[in-house]
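These notes concern the structure reproduced below.
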Amino acid sequence: MNNSPITTSIFDLFKVGPGPSSSHTIGPMKAAFDFLQRIRQLPESIRQEANAIQVHLYGSLSATGKGHGTDRAVVAGLLGWQPESTDPVALLALLKDPTTSYPVQIGEKTVALKPEHIHFERKKYDSPFANTVVFELTSGGKPVFSEEYYSIGGGFIVRKGEETAEPSSANLPYPYQTMKELKNQLTVHALTLEQLMLANEMALTGRPAKEINQRIDLIMDFMHKAVRRGLRHTGTLPGSIKLRRKAPVLYQQARGLVQSSDSFLIFLNAYCLAASEENAAGGIVVTAPTSGASGVIPGLTYLARHHFHYDKATLRKGMWAAAAVGFLVKHNASISGAEMGCMGEIGTASAMGAAFLTYCAGKPIEAVEAAAEIGIEHHLGMTCDPIGGYVQIPCIERNAMGAVKAYNAFLLATAGTPANQKISLDAVIKVMKATGRDMSTKYKETSEAGLALSATEC
Ligand code: SF4
């Protein structure tokens with residue numbers, strides 16, 4: 001366990017960027033962009049000598065990077081594109097022509113980046129993280145400068161040598177590492193959860209409260225735009241599976257069944273599938289906490305806004321509760337499918353969604369904790385085995401299932417006395433970490449087992 005207080009910003013957890021994968025698309029794009037900035041700072045003599053860039057992808061980035069668009073993402077980052085402002089259509093067009101060479105500007109000159117310079121390495125690589133990418137600036141095929149990065153899930157990256165570097169927690173007014181400590185801070189300082197989270201965010205980012213609130217609203221707007229696009233878009237998703245989009249069908253079905261008790265569930269399914277299908281198509285989504293799981297919270301917040309008619313302030317409160325749960329899992333286990341299997345992605349998203357619903361409903365922190373605990377408990381051991389390496393099967397439906405479980409976790413946690421819940425959130429996160437450690441790597445975003453083997457010709 002990391003022994004310093006949590007220093008993650010809500011805007012690092014909820015990030016806007018292109019699908020389909022935060023660890024395989026957004027993370028590598030950010031790493032490539034960082035490498036670009038570093039090679040631009042190199043001494044003139046090294047830049048003059050260099051004539052190409054080579055990229056080596058290891059672990060799960062190699063195993064499922066093709067289906068996740070990792071090659072396009074590193075090209076985009078090396079061209080200076082950033083996830084939040086990337087045009088998804090332009091991103092999808094990269095590498096379409098295998099003969100294209102991309103000129104990477106480093107100062108006055110350019111160096112070549114060709115499709116054959118991106119290597120999906122099958123050999124085992126000694127690395128502390130499952131998703132590793134090495135960039136080399138080369139001269140005559142020999143490296144003159146290189147950097148190694150780890151994509152640790154949710155679009156977060158770490159550069160080799162900075163594995164333990166964390167933003168300073170010195171100015172945090174209410175530090176915590178666990179739910180137990182968080183609840184203690186709330187009691188000692190007589191704060192609401194949103195007051196505490198906002199104060200910490202202001203200290204971490206230096207932003208005023210008004211700007212933070214506006215950005216949370218903006219993040220929800222991005223989520224809901226993805227839902228609305230997905231409800232409109234029809235046809236087949238990219239890739240060899242030829243999976244047809246289903247969200248518009250469900251939406252129409254729900255609208256025709258408003259008197260039926262099924263309609264509520266069908267609407268929720270439609271919203272979650274809509275955002276997930278947009279993610280699979282490489283559209284702009286919000287990591288929540290990852291791109292693979294970017295349908296759960298958008299689906300639930302869309303439902304809360306349009307069916308429960310919660311106002312913006314209530315939705316923001318719920319987002320803080322969801323963020324608190326995401327922070328705790330990221331800090332004490334992992335939100336990466338390559339480290340934890342799908343329980344790290346959909347399991348975490350479902351727990352965050354359960355916390356969102358519970359806090360929006362005005363329930364106390366004990367109920368929020370119980371809901372999040374139930375959300376994780378019933379995803380323990382869930383493997384990650386996407387067919388063909390595409391974030392489609394089981395990922396898209398899994399988002400809808402994660403949201404439905406979140407809703408039921410909210411119902412279960414708010415019935416009776418939350419204090420009677422036997423398992424704490426901290427305890428289940430520990431179990432999640434241990435389960436992830438014991439899980440075979442075949443089930444951690446490599447597409448080497450499970451569903452990925454059972455249905456090769458969908
Ligand atoms: S199975 Fe789960 S963890 Fe794996 S890629 Fe799909 S959503 Fe992500």
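Reckoned from all heavy atoms, side chains included, excluding hydrogens, waters and symmetry mates. Atoms within a ligand are numbered from 1 in the order they appear, just like the ligands themselves.
Close approach of ligand 1 to Cys395 (heavy-atom distance below 4.0 Å) involves ligand atoms 1 (S), 5 (S), 6 (Fe), 7 (S).
Of all the listed residues (His24, Met382, Met340, Glu345), Glu345 holds the heavy atom that lies closest to atom 3 (S) of ligand 1.
With salt bridges taken as basic N to acidic carboxylate O contacts below 4.0 Å, one links Arg229 and Glu278.
A cation-pi arrangement is not found for Lys330 relative to Phe327, the charged atom failing to lie both closer than 6.0 Å to the ring centre and inside a 45° cone about the ring normal.
In terms of protein heavy atoms, atom 2 (Fe) of ligand 1 is closest to Cys342 SG, 2.3 Å.
Taking backbone and side-chain atoms together, Cys384 has no N/O/S atom less than 2.8 Å away from atom 6 (Fe) of ligand 1.
No hydrogens or angles considered: nothing links the side chains of Glu148 and Tyr58 as a donor-acceptor pair under 3.5 Å. Side-chain atoms of His331 and Thr8 include no donor-acceptor pair closer than 3.5 Å.
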